Amino acid sequence: MQLNFSGLRALVTGAGKGIGRDTVKALHASGASVVAVSRTNTDLVSLSKECPGIEPVCVDLGNWEATEQALGSVGPVDLLVNNAAVAPLQSFLEITKETFDRTFNVNVRSVIQVSQFVARGMIARGVQGSIVNVSSMVAYVTFPNLPVYSSTKSALTMLTKAMAWELGPHKIRVNSVNPTLVLTAMGKHVVPDPEMARKLKERHPLKKFAEVEDVVNSILFLLSDRSVSITGSGILVDCGYLAS
Ligand code: NDP
């Protein structure tokens, strides 16, 4: 998707791999300055070589204090993509406190914390910013061994609306993208069995999973001024799964 983000500064979390990494590349190619936030430094080093000039920030977003130290003074941000997440596999009866806390801290609490830093700055500067929360179709449908992860994504549905409601008067828009399976590291971890993947693909009307590029395109659209009247909403990038 050809969009021009020249003169704008974007922050992308979970920038080291998968959807976040390609979002950074697309924003960089479209002229934005990008703050790339992730946990594994080697990923950020290789990304910085591919995208000269980006600002890498290495932090565990599940750690509130470390995140405050790393991003509390991040400076002006016009576009925010809350993409980092973890997806531990546990059935409902296996859920542990540690898994619950870790998953909610990374997938939901860090979205609140990072968005607060960014939105406060947008309001102070009077910027008409855009925030995209990377959610999932499992915010709306169940999926094997993902009750905690799915619950975090459902929480993002309401958090997205609440943020849109409160930040709308400041002309800050907040939306989500809700993809089906994408065969990134996370996607392969969630569906490790080829037979399960085949059956799952068959349930999609388009008989395929989403590609990373499909998700990135929807993120870019929601960040851009092509979507100026859209807020508190979500784009399903689900190959029709929820229609099946
Ligand atoms: P990947 O696991 O491929 O990449 C996730 C990135 O986020 C990694 O760079 C990872 O770093 C980083 N990250 C994870 N936890 C933290 C943390 N605590 N602090 C900082 N960075 C962190 O995932 P995807 O690209 O597949 O997923 C991106 C988003 O898309 C997620 O929100 C996911 O829920 C969503 N999604 C993915 C789908 C899929 O099938 N892949 C389907 C629907 C939604 P590191 O590896 O170093 O931990």
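Everything numeric in this text was worked out from a predicted model, so none of it was measured. Note that ligands are numbered from 1 as they come in the structure, with each ligand's atoms numbered from 1 the same way. Heavy-atom basis, side chains included; hydrogens, waters and symmetry copies ignored.
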Measure V86 to ligand 1 on non-hydrogen atoms and call it side chain, backbone, both or neither using the 4.0 Å cut-off.
side chain
The atoms of ligand 1 lying under 4.0 Å from a heavy atom of L61, numbered in the order shown, are 17 (C), 18 (N), 19 (N), 20 (C)
Check N107 against ligand 1 and report side chain, backbone, both or neither, counting heavy atoms closer than 4.0 Å.
neither
Measuring from atom 42 (C) of ligand 1, which candidate in L181, V37, T180, I219 has the nearest non-hydrogen atom?
T180
S135, portion touching ligand 1 at heavy-atom distance under 4.0 Å
backbone
Using heavy atoms and a 4.0 Å limit, tell me yes or no: is L183 in contact with ligand 1?
no
Residue selection (non-hydrogen contact nearest atom 20 (C) of ligand 1) among D60, I19, V59
V59
Step-by-step salt bridge (Lys or Arg N to Asp or Glu O under 4.0 Å) determination, E195 to R198
CA-CA 5 Å; E195 183 56 15; R198 190 191 64 74; 2.8 Å; yes
With respect to atom 37 (C) of ligand 1, which of K17, H189, M186 exhibits the smallest heavy-atom separation?
M186
Under 3.5 Å, is there a donor-acceptor pair linking the side chains of S176 and N178?
yes
Looking only at heavy atoms of K188, does any of them come nearer than 4.0 Å to an atom of ligand 1?
no
For T40, take its heavy atoms, then give the atoms of ligand 1 lying under 4.0 Å from any of them.
45 (P), 47 (O)
List every atom of ligand 1 that sits less than 4.0 Å from any heavy atom of G187, numbering the atoms from 1 in the order shown and giving each element.
40 (O), 41 (N)
Ligand 1 and K153, any nitrogen or oxygen pair closer than 3.5 angstrom?
yes
Could you list the atoms of ligand 1 found under 4.0 angstrom from a heavy atom of G62?
18 (N)
Which is it for R21 and ligand 1 at heavy atoms under 4.0 Å: side chain, backbone, both or neither?
neither
Does a donor on one side chain and an acceptor on the other come within less than 3.5 Å for D238 and T180?
no
Quick test of your reading of the structure: of G20, G18, A85, whose heavy atom lies closest to atom 5 (C) of ligand 1?
A85
Answer whether the closest heavy-atom distance between the side chains of R39 and L61 falls below 4.5 Å.
no
Please state which part of Y149 comes within less than 4.0 Å of ligand 1, counting heavy atoms only: side chain, backbone, both or neither.
side chain
Just which atoms of ligand 1 are under 4.0 Å from any heavy atom in V134?
29 (C), 30 (O), 32 (O), 35 (C)
I would like to know whether K17 and D22 meet salt bridge (Lys or Arg N to Asp or Glu O under 4.0 Å); could you show each step before the answer?
CA-CA 8 Å; K17 298 183 176 76; D22 278 19; over 6 Å; no
Examine the side chains of S46 and R21 and answer whether a donor and an acceptor come within less than 3.5 Å of each other.
yes
